[in-house]
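The structure under discussion appears below in the form of structure tokens.
Computed from a prediction, not measured in an experiment: that's the story for all the values here. Reminder, nothing fancy here: chain letters follow the sequence lines and each chain counts from 1.
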2 protein chains.
Amino acid sequence: MNVMVFRALADPNRFGIVELLKEGSLPVGIIAERLELSQPQTSKHLRVLAEAGLVQVEPSANKRIYQLRTVPLQELETWLQTYRRMWEEKFDNLDDYLHQLQQVDNNKDHKE
Amino acid sequence: MNVMVFRALADPNRFGIVELLKEGSLPVGIIAERLELSQPQTSKHLRVLAEAGLVQVEPSANKRIYQLRTVPLQELETWLQTYRRMWEEKFDNLDDYLHQLQQVDNNKDHKE
DNA sequence: GCGGAATATTCCTTGACAGGAATATTCTTT
DNA sequence: AAAGAATATTCCTGTCAAGGAATATTCCGC
């Protein structure tokens, strides 16, 4: 799992851009307008998102249309799958290490 | 979706802690040892993870056992679901806005 | 090619955060 | 109560990233 994706999504403005682009691809100017960001800020955030693979650009006429790339999100879901059993199997949170400590505690109670 | 979760996972060491705790709950000392982090660093990272709701602490004897909380991960998955159709329905990435621009391009071609 | 629109980049400043070292705190045991 | 183990917090420093302003670049229409 690439942590750059998390870093990209960690900024509220960038998260907002992703949420906005979910509804459809947009040029920079519109994104800036919708999120009330300056144009340079928007471009810079889009750069970070692009470097994380979350967006890709499609030049069209005078504008540059940004659209979401789903691949990183799919990878994110794949990563999440590895945790899924933790809440599906209602796994009891105490693991081996805890059980060992439990035995230590029992020894303590035994002594007192 | 709480962006604090992304921020917490954006740091490689914290991501490593989460991955480690997936295998089972552990006290601070062991976490530090496994990831070759200093004890203070580990405590600080665990603090951030706890504030993001990703871990919770369970005092046991002399130690403090940290365990994963799956709730934020479930919320993350729920959030991802809203994007799922984007790659399941093989949605063509060109949206209304793009089609409008396409028409503009057609006009241009028509003129030349 | 020129003017202008749309976007990208640079420079600067400021704030947030990671890491290290030292210290404080908490709990346990005796 | 005292000592020690385990953990948390504080202080400090360096680095990086976000935001604003200005400028550079790219691309279209004429």
Between [N] and [X], is there an OP1 or OP2 to side-chain N/O distance shorter than 4.0 Å?
{"X": "H45(B)", "N": "dG19(C)", "result": "yes"}
{"X": "N62(A)", "N": "dG4(C)", "result": "no"}
{"X": "Q39(A)", "N": "dT7(C)", "result": "no"}
{"X": "R7(A)", "N": "dA17(D)", "result": "yes"}

Only one of I17(B), L21(B), L68(B) forms a side-chain contact (heavy atoms from CB on, under 4.5 Å) with L49(B), so which one is it?
-> I17(B)
All heavy atoms of P72(B) vs all of G53(B), minimum pair found to be CG-O, 3.2 Å
Where A32(A) and S38(A) come nearest, the two heavy atoms and their spacing = CB-O, 4.2 Å
When rounded to whole Å, the CD to C1' distance for the pair Q41(B) and dG14(D) reads 13 Å
If you check every side-chain atom of [X], which of [options] has the closest atom?
{"X": "K44(A)", "options": "dA8(C), dG19(C), dT10(C)", "value": "dT10(C)"}
{"X": "R14(B)", "options": "dG19(D), dT7(D), dA18(C)", "value": "dA18(C)"}
{"X": "A61(A)", "options": "dA8(D), dG19(C), dC28(D)", "value": "dC28(D)"}
{"X": "Y66(A)", "options": "dT9(D), dA6(D), dA8(C)", "value": "dA8(C)"}
{"X": "V28(B)", "options": "dA18(C), dG20(C), dT7(D)", "value": "dT7(D)"}
{"X": "R64(B)", "options": "dA8(C), dA18(D), dA8(D)", "value": "dA8(D)"}

Evaluate whether atom CD of Q81(A) has more than 12 neighbouring non-hydrogen atoms of other residues, nucleotides or ligands under 6.0 angstrom away.
-> yes
Scan residues 46-54 of chain A against DNA chain D and write down, sorted by residue number, each residue with any heavy atom closer than 4.0 Å; if none is found, say none.
-> none
Check the side chains of S43(A) and Q39(A) for a donor-acceptor pair under 3.5 angstrom, ignoring hydrogens and angles.
-> yes
Is there a donor-acceptor contact under 3.5 Å linking the side chains of E19(A) and W79(B)?
-> yes
With axes from five pairs an end, tell me the bend angle of the helix from dG1(C)-dC30(D) to dT30(C)-dA1(D), nearest 10°.
-> 30°
Validation row: Q41(B), N13(B) side chains within 4.5 angstrom (heavy atoms) = no
Student check: side-chain heavy atoms of V28(A) and Y66(A) closer than 4.5 Å | yes
Base, sugar-phosphate, or nothing: which does P40(A) touch, judged by heavy atoms less than 4.0 Å apart?
-> base
With R47(B) via side chain to side chain donor-acceptor pair (under 3.5 Å) - residues at least two apart = E51(B)
